[in-house]
Undergrad: 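So that we are looking at the same thing, I have put the structure below in structure tokens.
Small disclaimer: the values here were computed from a predicted structure and weren't measured. Positions are given from 1, in the same order as the sequence printed here.
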Amino acid sequence: MKLLYNIFIGLYRILISIVALWNKKALEWVSGQKNLFTQLEQRIHPSDRVIWMHCASAGEFEQGKPVLEALKAQYPDYKILVTFFSPSGHQSGIKYKGADLISYLPLDTAGNAEKFLRIVNPHLVIFVKYEYWYHHLKGVADRHIPLLLVSSIFRKSQVFFKRHGGFYRDILKLYRWIFVQDDESIRLLRSIGITHSSIGGDTRFDRVSAIVRNFTELDLIRRFVEQDNVLVAGSTWPEDEQRLADFYKTYTGVLKLIIAPHEINKNHIDHLFTLFPDAVAYSGLQNRQPGTFKILIIDNVGMLSQLYHYATVTYIGGGFNKSGIHNTLEAAVWGKPVLFGPNYQKFREARDLVARGTGYSITTSTELTQRATTLLQDAALLQQASLSASQYIEANKGATAKITDYIQENRLLTR
């Protein structure tokens with residue numbers, strides 16, 4: 001199986017180099033791999049003590065941030081290195097001020113792993129949620145460097161639990177400790193003999209709670225909203241936006257709509273204005289009277305988590321895509337009911353919100369209209385759904401402390 005894995009990695013290198021001829025993201029990845037080791041050598045001194053965290057992409061990075069920030073506060077003399085596999089993750093990472101170095105992860109070959117670890121020489125390695133790069137992980141374990149997997153979640157359909165999954169089960173054995181999100185993950189790991197694990201929870205609950213604590217008023221949004229009911233739709237895709245347009249055309253009550261699309265390229269923004277011709281873009285709101293508009297299109301990044309503060313009801317996009325819905329916790333933490341499309345089953349928090357009566361899956365425009373209308377016009381239901389969302393977040397905080405307590409108790413780092 002290791003031979004097949006190495007063949008796959010080699011083929012991946014060839015294929016992505018070809019795709020990069022016309023695909024922007026593939027080109028970003030290929031470009032990011034160039035001079036990677038030289039840049040690390042220039043920024044890491046052999047005497048530096050380094051904590052290395054790896055995240056697949058931006059979503060996993062949000063889970064990793066609370067742990068990074070806690071470790072930086074407790075061990076300020078260590079450098080923080082964050083690596084990403086995806087270009088979108090890397091782009092989100094380079095804007096983050098809490099890490100000392102941001103880098104792509106070298107392609108997972110034995111030679112790359114050996115060179116990377118020789119340069120970085122980490123004292124602690126943390127992988128977030130998933131991604132199981134054999135050579136990098138094996139190199140860490142062979143050097144007896146503490147290796148943790150945090151906020152992970154396992155499903156029975158994964159290769160670890162198949163008859164042919166021995167190679168990947170061996171990868172799990174390389175970790176010093178695995179922090180999982182739920183009981184089912186523990187049960188699955190026990191079924192294949194993995195006992196070095198415990199329920200740590202999901203650090204995203206700590207992350208979104210910190211966003212609320214550090215909230216600052218968005219003056220233009222406050223003036224746009226005034227005293228009206230508001231539906232904030234975040235990370236939307238065209239399938240979501242068509243249903244939102246159908247709903248808004250038929251809704252008879254007073255309602256303002258804020259749409260923060262997942263993609264903010266010109267074509268997508270132009271498409272939104274065909275669906276919502278009376279809308280105004282956030283970039284065009286300056287020097288105008290925001291309260292006179294009913295529909296606002298957010299044409300920038302970085303505001304979404306704070307926009308939910310102003311919502312009466314929220315809608316999370318992505319539920320009509322294969323990859324599934326985006327982050328529902330960013331909305332729920334404000335005590336807001338959450339609507340989303342049908343592809344949500346692989347997201348534990350979305351299933352939990354549905355079970356608690358504060359998350360609602362819709363498929364058609366009619367379903368969206370019915371559910372949103374009920375929430376907006378039934379004050380008692382809205383209050384109960386909002387309270388349930390807040391209670392869910394509060395009950396699931398604390399994952400970060402469990403991880404950092406383990407690091408301290410086992411003396412994985414020295415001050």
Side-chain angles (χ1 to χ4, degrees), residues 58 91-92 95 211-212 214-321 325-328 330-331 333-341 362 365 368-369 371-373 375-377 382:
Q91 287 300 314
S92 69
K95 302 170 186 175
I211 290 172
V212 172
N214 298 319
F215 172 74
T216 55
E217 191 80 55
L218 301 173
D219 184 62
L220 284 176
I221 302 299
R222 177 185 59 79
R223 290 162 55 200
F224 167 80
V225 168
E226 295 184 325
Q227 303 301 317
D228 295 329
N229 282 337
V230 183
L231 191 153
V232 174
S235 301
T236 58
W237 293 82
E239 298 89 343
D240 304 298
E241 292 148 6
Q242 182 61 61
R243 288 163 175 80
L244 288 165
D246 294 340
F247 154 67
Y248 199 79
K249 288 174 185 176
T250 58
Y251 186 71
T252 57
V254 176
L255 178 68
K256 290 188 175 178
L257 180 62
I258 300 176
I259 302 174
H262 183 70
E263 301 279 356
I264 60 167
N265 59 70
K266 184 179 184 302
N267 287 341
H268 194 176
I269 297 298
D270 288 346
H271 173 69
L272 279 168
F273 277 106
T274 64
L275 290 175
F276 303 97
D278 297 328
V280 61
Y282 182 81
S283 61
L285 214 52
Q286 291 282 0
N287 302 318
R288 304 177 79 171
Q289 294 181 319
T292 61
F293 296 96
K294 300 296 184 184
I295 305 172
L296 177 63
I297 295 172
I298 306 298
D299 53 353
N300 61 43
V301 296
M303 294 177 58
L304 179 56
S305 60
Q306 296 186 81
L307 289 176
Y308 293 125
H309 166 80
Y310 299 93
T312 310
V313 174
T314 66
Y315 181 97
I316 308 299
F320 294 92
N321 298 343
I325 59 174
H326 294 281
N327 193 344
T328 55
E330 285 187 343
V333 72
W334 295 102
K336 313 293 182 179
V338 186
L339 301 161
F340 41 78
I362 60 94
S365 300
L368 173 58
T369 299
R371 179 58 66 184
T373 300
L375 286 167
L376 290 165
Q377 297 182 357
L382 177 64

Undergrad: Can you tell me how the ring of His326 sits relative to the ring of His262, calling it parallel under 30°, perpendicular over 60° and tilted otherwise?
TA: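 His326 vs His262 ring planes: parallel.
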Undergrad: If you measure from OG1 on Thr274 to CD1 on Ile269, what distance do you get to the nearest 0.5 Å?
TA: 11.0 Å
Undergrad: Rounded to the nearest 0.5 Å, how far does CZ of Phe247 lie from CD of Gln242?
TA: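 Going from CD on Gln242 over to CZ on Phe247, the span is 14.0 Å.
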Undergrad: Can you see which heavy atom on Asn229 is nearest to which on Leu376, and at what distance?
TA: ND2-O, 3.9 Å
Undergrad: Indicate the atoms forming the closest heavy-atom contact of Leu339 with Val313, along with that distance.
TA: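 Distance-wise, the nearest heavy atoms are CD1-CG1, 3.7 Å.
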Undergrad: Can you name the closest pair of heavy atoms from Leu304 and Gly234 and give their distance?
TA: CD1-CA, 3.7 Å
Undergrad: Identify which one of Leu307, Ile258, Leu220 satisfies the side-chain contact (heavy atoms from CB on, under 4.5 Å) criterion when paired with Tyr282.
TA: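 When side-chain contact (heavy atoms from CB on, under 4.5 Å) is applied between Tyr282 and each of Leu307, Ile258, Leu220, only Leu220 qualifies.
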Undergrad: Taking the side chain as every heavy atom from C-beta outward, state whether Tyr248 and Leu231 have any atom pair closer than 4.5 Å.
TA: no
Undergrad: Quick one: does Asn327's side chain get under 4.5 Å of Ser235's, heavy atoms only?
TA: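 No, every pair of side-chain atoms sits at 4.5 Å or beyond.
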Undergrad: In Å, rounded to the nearest 0.5 Å, how long is the span from OH of Tyr310 to CG of Leu296?
TA: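 Taking OH in Tyr310 and CG in Leu296, the distance rounds to 12.0 Å.
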Undergrad: Any side-chain heavy-atom pair from Ile316 and Tyr308 closer than 4.5 angstrom?
TA: yes
Undergrad: For the pair Tyr251 and Gln377, evaluate side chain to side chain contact (heavy atoms under 4.5 Å, CB included) and give the outcome as yes or no after the intermediate values.
TA: CA-CA 11 Å; Tyr251 186 71; Gln377 297 182 357; 3.7 Å; yes
Undergrad: Does some side-chain heavy atom of Asn300 sit less than 4.5 Å from a side-chain heavy atom of Ser283?
TA: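 No, too far: nothing below the 4.5 Å cut-off.
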Undergrad: For residues 233-260, pull every pair meeting salt bridge (Lys or Arg N to Asp or Glu O under 4.0 Å), keeping only residues two or more places apart or in separate chains.
TA: Glu226-Lys256, Asp228-Lys256
Undergrad: Mark yes or no for whether Thr312, through its side chain, and Val230, through its backbone, hold a donor-acceptor pair below 3.5 Å.
TA: yes
Undergrad: Would you check, one step at a time, whether the test side chain to side chain contact (heavy atoms under 4.5 Å, CB included) holds for Arg222 with Leu218?
TA: CA-CA 6 Å; Arg222 177 185 59 79; Leu218 301 173; over 6 Å; no
Undergrad: What distance separates Glu330 CD from Ile211 CD1, expressed to the nearest 0.5 Å?
TA: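 Between atom CD of Glu330 and atom CD1 of Ile211 there are 5.0 Å.
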Undergrad: Tell me, yes or no, whether the heavy-atom count around Gln289 atom CD, taken from other residues, nucleotides or ligands under 6.0 Å, exceeds 12.
TA: no
Undergrad: Take Val301 and Lys95, measure what side chain to side chain contact (heavy atoms under 4.5 Å, CB included) needs, and give me the verdict at the end.
TA: CA-CA 12 Å; Val301 296; Lys95 302 170 186 175; 4.1 Å; yes
Undergrad: Quick one, Trp237 with Glu263, criterion side chain to side chain contact (heavy atoms under 4.5 Å, CB included). Give me CA distance, side-chain angles, the key distance, then yes/no.
TA: CA-CA 8 Å; Trp237 293 82; Glu263 301 279 356; 3.9 Å; yes
Undergrad: What pair of heavy atoms forms the shortest contact from Leu244 to Ala233, and how long is it?
TA: CD1-CB, 3.6 Å
Undergrad: Considering residues at least two apart in sequence or located in another chain, which fulfil the ring-ring contact (aromatic ring centres under 6.0 Å, His included) criterion with His309?
TA: Phe215, Trp334
Undergrad: Indicate the atoms forming the closest heavy-atom contact of Tyr315 with Phe320, along with that distance.
TA: OH-CE1, 3.4 Å
Undergrad: How close do Thr314 and Lys336 get, counting heavy atoms only, and between which atoms?
TA: CG2-CB, 3.7 Å
Undergrad: Can you measure from CD1 (Ile297) to CG (Leu285) and round to the nearest 0.5 angstrom?
TA: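 So the gap between those two atoms works out to 11.5 Å.
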